[in-house]
Each structure stands twice: as structure tokens, then as C-alpha cells.
Amino acid sequence: MLNLFVRVMKKILVLIPFLFFLLAAQDSTSVAITSPAPNDVLRGQVNIIGSTDAPDFVSAQLDFSYASDSTGTWFPLQALSQPVFDSPLFTWDTTTITDGDYILRLRVFMTDGSSQEVTVPFKLQNDVAPATPTVVVPTSTPDEVTVLIPTPFLLAASPTPTDVPRSTPTPLPANPASLDSNTILLSLGRGALVILGVFALAVIIVRIRRF
């Protein structure tokens with residue numbers, strides 16, 4: 001009995017991933033609007049992308065309404081006769097309506113008379129241009145440069161050199177102590193005679209003493 005219970009549990013565990021796969025596949029084929037996303041801000045030409053690949057598909061209808069409209073009035077945009085999966089449903093020129101808050105609706109009708117629908121709220125802003133981010137370019141302030149200007153000074157004008165008059169040399173008076181050549185020769189002659197006289201006198205004295 002216990003072994004049978006274990007085998008049953010093992011089979012169930014094996015089937016669980018398959019069941020999850022089936023559920024995921026069923027969700028993937030459900031009605032959906034993948035673009036725009038809820039609360040998107042739209043402007044200009046908008047591509048509406050979605051899926052209508054529901055079981056027993058007959059037709060689909062894409063509509064829009066004012067978010068503030070409480071009467072349930074819907075304005076048709078596009079009728080679809082073939083199921084699609086994550087594909088463009090309609091290209092909408094949003095400039096044909098005023099700015100404001102709207103709701104987008106996708107309805108899929110099945111063969112049994114039932115329907116599936118999905119709604120996406122969005123905002124329209126065609127009259128307001130998107131804000132362009134301001135790029136601030138930092139400007140560097142150059143460091144202050146101190147320029148030193150030398151103080152000018154005046155040079156005294158140098159006097160023009162003039163020739164200094166040269167004094168005329170005055171002739172010196174005659175030197176009384178100067179000797180000419182004749183005087184010198186005469187003096188030498190006299191000296192020689194004096195020496196000879198002294199020598200002769202000495203010879204005479206020596207001879208007298210011998211006697």
C-alpha cells in the first residue's frame with residue numbers, strides 16, 4: 001500500500017511541471033495589450049501591440065474612451081477578424097483628439113457568444129513638448145594671473161665728454177749740479193795726479209827711514 005502511494009506521488013510530481021506549462025501556454029494566448037503600458041504618456045503616431053489569440057476566436061474590437069466618462073461610451077479604432085499574438089493591432093494618430101486621460105480597450109469575441117477584454121489607461125500629451133534635459137557644461141574659471149610690471153626708471157643723461165686741454169710743459173731750469181764729460185775727465189786727471197803724488201811721497205818717506 002505504501003509503495004503504491006509513493007508511485008502515485010512520483011507520477012504527480014512528474015505531471016506538475018507539465019501542468020504549469022499548460023497554464024503558462026494558456027496565459028500566453030489570452031487577450032492582452034502589450035504596448036502601450038498602463039499610464040504611459042503618448043503623443044503623435046502610436047503603434048498599439050497586443051494579442052487576440054484566444055480559444056474559439058471569432059473577432060476582436062479595439063476601442064478607446066475618456067477616463068472621466070461615466071456613461072460607458074466607447075469609440076472604435078479597429079476591428080480584427082484574425083487572431084494575432086503579440087503583433088501590431090493598429091497605428092493611431094493621436095493628434096486627432098485632444099490631450100487628456102483615456103482608456104484603451106481590446107475585446108475578443110468567442111463562438112459561444114462570450115467575450116474577453118483588457119483595458120489600459122494612458123495619458124495623451126500632444127500640445128506639450130517633451131522636456132529636453134538641459135546639459136550644463138561646466139566652465140572652468142582660469143586662475144588669476146598676476147602680471148608684474150617693472151617700475152620704469154630714468155637714466156641720467158651722461159655729459160658729452162670734452163677734450164681736456166693739455167698743458168704745455170715748462171722747460172726746467174739748468175741743474176747746477178750736472179757735470180759734463182769734460183769736467184769729469186778733468187776731475188779724474190786731478191785725482192790721478194793726487195794719487196801719484198801721495199805714492200811718490202810715501203816712497204820718499206820710506207827711503208829716508210832706511211838711511
Side-chain angles (χ1 to χ4, degrees), residues 8-147:
V8 172
M9 290 301 296
K10 287 182 178 179
K11 291 181 179 180
I12 293 175
L13 292 175
V14 172
L15 292 175
I16 287 177
F18 181 71
L19 292 175
F20 279 115
F21 175 77
L22 290 178
L23 291 175
Q26 184 176 1
D27 292 339
S28 64
T29 58
S30 62
V31 179
I33 297 176
T34 56
S35 179
N39 301 317
D40 273 358
V41 177
L42 307 182
R43 55 177 54 87
Q45 298 285 335
V46 177
N47 290 323
I48 301 174
I49 300 173
S51 299
T52 62
D53 192 13
D56 301 326
F57 172 89
V58 175
S59 64
Q61 181 73 34
L62 184 64
D63 309 309
F64 79 94
S65 175
Y66 293 97
S68 59
D69 186 9
S70 59
T71 63
T73 303
W74 294 90
F75 302 93
L77 291 174
Q78 179 76 344
L80 303 168
S81 60
Q82 296 294 329
V84 295
F85 174 72
D86 199 21
S87 300
L89 303 176
F90 180 65
T91 300
W92 188 13
D93 183 9
T94 61
T95 60
T96 59
I97 59 176
T98 59
D99 291 352
D101 295 330
Y102 293 87
I103 298 176
L104 197 62
R105 182 183 70 174
L106 177 62
R107 299 182 69 189
V108 176
F109 302 95
M110 270 74 74
T111 55
D112 60 359
S114 63
S115 64
Q116 295 183 17
E117 68 177 49
V118 63
T119 58
V120 174
F122 66 94
K123 182 183 292 291
L124 211 60
Q125 286 186 356
N126 282 306
D127 294 337
V128 180
T132 303
T134 304
V135 179
V136 179
V137 179
T139 56
S140 59
T141 304
D143 296 336
E144 183 179 357
V145 179
T146 303
V147 179

Between Asp99 and Leu124, the two heavy atoms sitting closest are CB-O, 3.2 Å
Enumerate donor-acceptor pairs with a distance under 3.5 Å from any side-chain N or O in residues 73-80 to protein atoms, sequence neighbours excluded.
| residue | atom | partner | partner atom | Å |
| --- | --- | --- | --- | --- |
| Thr73 | OG1 | Thr71 | OG1 | 2.8 |

### Query
Are any side-chain N or O atoms of Thr95 and backbone N or O atoms of Gly44, one a donor and one an acceptor, separated by less than 3.5 Å?
no
_Arg43 side chain to Gln125 backbone, donor-acceptor under 3.5 Å_ = yes
Phe57 and Ser81 have their tightest heavy-atom pair at CE2-O, 3.4 Å
Got a donor-acceptor contact below 3.5 angstrom from the Asp40 side chain to the Leu42 backbone?
no
Separation between CD (Gln61) and CZ (Arg105), nearest 0.5 Å, reads 8.0 Å
- prompt: Leu106 and Phe90: side-chain contact (heavy atoms from CB on, under 4.5 Å), yes or no, with the steps?
  reply: CA-CA 11 Å; Leu106 177 62; Phe90 180 65; over 6 Å; no
All heavy atoms of Val108 vs all of Ala60, minimum pair found to be CG2-CB, 4.1 Å
Taken in chain and number order and not counting sequence neighbours, the residues that satisfy salt bridge (Lys or Arg N to Asp or Glu O under 4.0 Å) with Asp101 are Lys123
Does the side chain of Thr94 pick up a donor-acceptor pair with the side chain of Asn126 at under 3.5 Å? yes
inquiry  = For the residue pair Asp53 / Ser51, report whether a side-chain donor-acceptor contact shorter than 3.5 Å exists.
reply    = no
Correct closest heavy-atom pair for Met110 and Pro55 would be CG-O, 2.9 Å
### Task
Decide yes or no for Asp112 and Asp56: does some side-chain heavy atom of the first lie under 4.5 Å from some side-chain heavy atom of the second?
no
task = Please step through side-chain contact (heavy atoms from CB on, under 4.5 Å) for the pair Gln45 and Thr91, ending with a clear verdict.
result = CA-CA 7 Å; Gln45 298 285 335; Thr91 300; 3.6 Å; yes
Item checked: Side-chain heavy-atom pair Leu104, Trp92 within 4.5 angstrom cut-off -> yes
Interatomic distance, CG@Leu62 vs CG@Leu89, rounded to 0.5 Å, equals 6.0 Å
Expected output: side-chain Ser65 to main-chain Ile103 donor-acceptor under 3.5 Å
no
